Amino acid sequence: MILPPSFFNQPVLDVAPQLLGKYLVRRMGRRIIALPITELEAYDGPHDLACHGRFGPTPRTQVMFGHAGNFYVYLIYGMYWMLNIVTGPVGYPAAILIRGVGHLDGPGKVTKHLSIDKQFDNQPNTSATGLWIEDRGLLIPSQQIITTPRIGVTYAGPMWSQVPYRFVAKI
DNA sequence: GCAGTGATCATA
DNA sequence: ATGATCACTGCC
């Protein structure tokens with residue numbers, strides 16, 4: 001089952017652990033790649049000093065203020081595409097960064113392996129685009145989920161760089 | 001430990 | 001127009 005917008009239209013910290021074990025699926029012609037999500041990070045609203053939405057909407061970040069379930073894809077360091085999915089109500093900037101699927105770890109490796117780039121930015125979670133997230137019945141017990149601080153956000157200060165918003169599944 | 005890489009945004 | 005910054009990766 002492809003996850004509907006209502007799945008994502010909840011507080012990002014509620015959605016994040018539920019998204020572990022869901023399958024990220026990419027279709028290119030006849031070729032299909034489907035891998036379970038194993039690692040992700042939550043970015044939660046204007047008060048979160050690590051969140052791109054903290055300065056209000058800009059041409060790049062307005063997607064985060066948009067509809068839950070849409071993808072937010074941007075380029076970092078001139079080389080790597082970051083894949084996020086928007087959560088929560090319109091007007092509230094929150095999203096989840098997909099950092100690992102299958103045995104791939106690292107957000108840049110995920111997008112490189114699945115050929116994900118700007119074309120998916122602000123696209124909804126539907127099979128029509130060739131990129132979607134679906135539930136295949138895999139359940140991750142809470143004992144198999146660990147949380148840690150987010151990676152690469154030291155600029156966010158002592159509190160927001162340390163909150164346990166990174167979720168990792170032991171599969 | 002650090003170079004590579006280019007879009008983005010603030011400043012002007 | 002310019003310059004600092006950056007939710008990373010791979011090689012030293």
Side-chain angles (χ1 to χ4, degrees), chain A residues 3 7-22 24 26 33 35-125 131-133 145-170:
Chain A
L3 295 174
F7 176 88
F8 298 101
N9 193 14
Q10 320 172 61
V12 67
L13 292 175
D14 292 345
V15 180
Q18 297 182 64
L19 198 53
L20 290 170
K22 300 299 187 288
L24 181 66
R26 176 81 170 98
I33 303 174
L35 295 167
I37 295 170
T38 57
E39 178 184 347
L40 48 79
E41 284 175 357
Y43 291 87
D44 186 21
H47 56 279
D48 177 356
L49 297 185
C51 179
H52 284 173
R54 68 194 182 280
F55 300 124
T58 67
R60 178 183 61 151
T61 66
Q62 61 181 342
V63 176
M64 288 189 83
F65 294 78
H67 290 97
N70 284 11
F71 293 110
Y72 166 45
V73 182
Y74 68 93
L75 187 68
I76 190 77
Y77 297 113
M79 281 183 255
Y80 306 106
W81 295 100
M82 299 290 103
L83 173 66
N84 301 252
I85 188 152
V86 175
T87 65
V90 169
Y92 185 87
I96 295 170
L97 171 67
I98 307 298
R99 294 191 56 92
V101 298
H103 44 275
L104 292 170
D105 65 314
K109 293 179 186 174
V110 170
T111 55
K112 183 179 180 184
H113 191 252
L114 298 184
S115 300
I116 294 165
D117 61 19
K118 191 75 179 169
Q119 77 177 106
F120 296 106
D121 187 41
N122 206 26
Q123 293 302 120
N125 186 43
L131 178 70
W132 68 95
I133 297 174
I145 299 175
I146 66 165
T147 62
T148 80
R150 295 170 291 186
I151 306 296
V153 295
T154 52
Y155 63 85
M159 173 179 172
W160 290 104
S161 66
Q162 291 304 309
V163 291
Y165 286 4
R166 174 172 173 252
F167 299 77
V168 184
K170 296 297 176 190

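Naming convention: chains lettered A, B, ... in sequence-line order (proteins, then strands); numbering from 1 in each chain. All figures in this text were calculated on a predicted structure; none of them were measured in a lab.
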Is A:Arg150 touching bases, backbone alone, or none of the nucleic acid, heavy atoms closer than 4.0 Å?
nothing
From CZ (A:Arg166) to CG (A:Leu97), nearest 0.5 Å:
10.5 Å
For A:Lys109 against A:Asp105, the heavy-atom pair lying closest together:
CD-O, 3.0 Å
Could you pull out the closest heavy-atom pair between A:Ala16 and A:Leu40, with the gap in Å?
O-CD2, 3.5 Å
With the side chain defined as heavy atoms from C-beta on, A:Thr61 is closest, among C:dT9, B:dC9, B:dT5, to B:dC9
Rounded interatomic separation in angstrom, taking CD1 from A:Ile76 and C1' from C:dA4
13 Å
In whole Å, what is the span from the NE2 atom of A:His52 to the C1' atom of C:dC8?
12 Å
Identify whether a stacking contact exists between A:Tyr43 and C:dA7, where the ring centres must be under 5.5 Å apart and the planes under 30° apart.
yes
Measure OH/A:Tyr72 against P/C:dA7 and give the value in whole Å, please.
8 Å
Under 30°, 30 to 60°, or over 60°: which ring-plane class applies to A:Tyr72 and A:His52, parallel, tilted or perpendicular?
perpendicular
Measure the distance from CG on A:Leu97 to C1' on C:dT9 and round it to the nearest whole Å.
14 Å
Which range-with-range stems can be found for DNA chain C when each stem has 3 or more Watson-Crick or G-U pairs in a row and both distances sit under 3.5 Å?
B:1-4 with C:8-11, B:6-11 with C:1-6
Any A:Arg99 side-chain N or O less than 4.0 Å from OP1/OP2 of C:dC8
yes
Would you tell me if any nitrogen or oxygen in the side chain of A:Tyr155 comes within less than 4.0 Å of OP1 or OP2 on C:dA7?
yes
Heavy atoms of A:Ile145 and A:Phe167 approach each other most closely as CG2-CD2, 4.2 Å
Could you measure the distance from the CG atom of A:Leu83 to the CG atom of A:Leu114? Nearest 0.5 Å is fine.
8.5 Å
When rounded to whole Å, the CD to C1' distance for the pair A:Glu41 and C:dC8 reads 12 Å
Categorize A:Met79 for me: base, sugar-phosphate, or nothing, with a 4.0 angstrom heavy-atom threshold over every strand shown.
base
Would you say A:His103 has more than 12 foreign heavy atoms packed within less than 6.0 Å of its NE2?
no
Just the rounded figure in Å: distance from P of B:dC9 to CZ of A:Phe55.
11 Å
What integer distance in Å separates A:Arg54:CZ from B:dC9:C1'?
12 Å
With DNA chain B as reference, determine whether A:Pro59 or A:Gly78 sits nearer its 5' end, using the nearest nucleotide of each.
A:Gly78
Does a side-chain N or O of A:Lys109 approach OP1 or OP2 of C:dG10 to a distance below 4.0 Å, or not?
yes
Distance in angstrom units between A:Leu75 CG and B:dG4 P, rounded:
17 Å
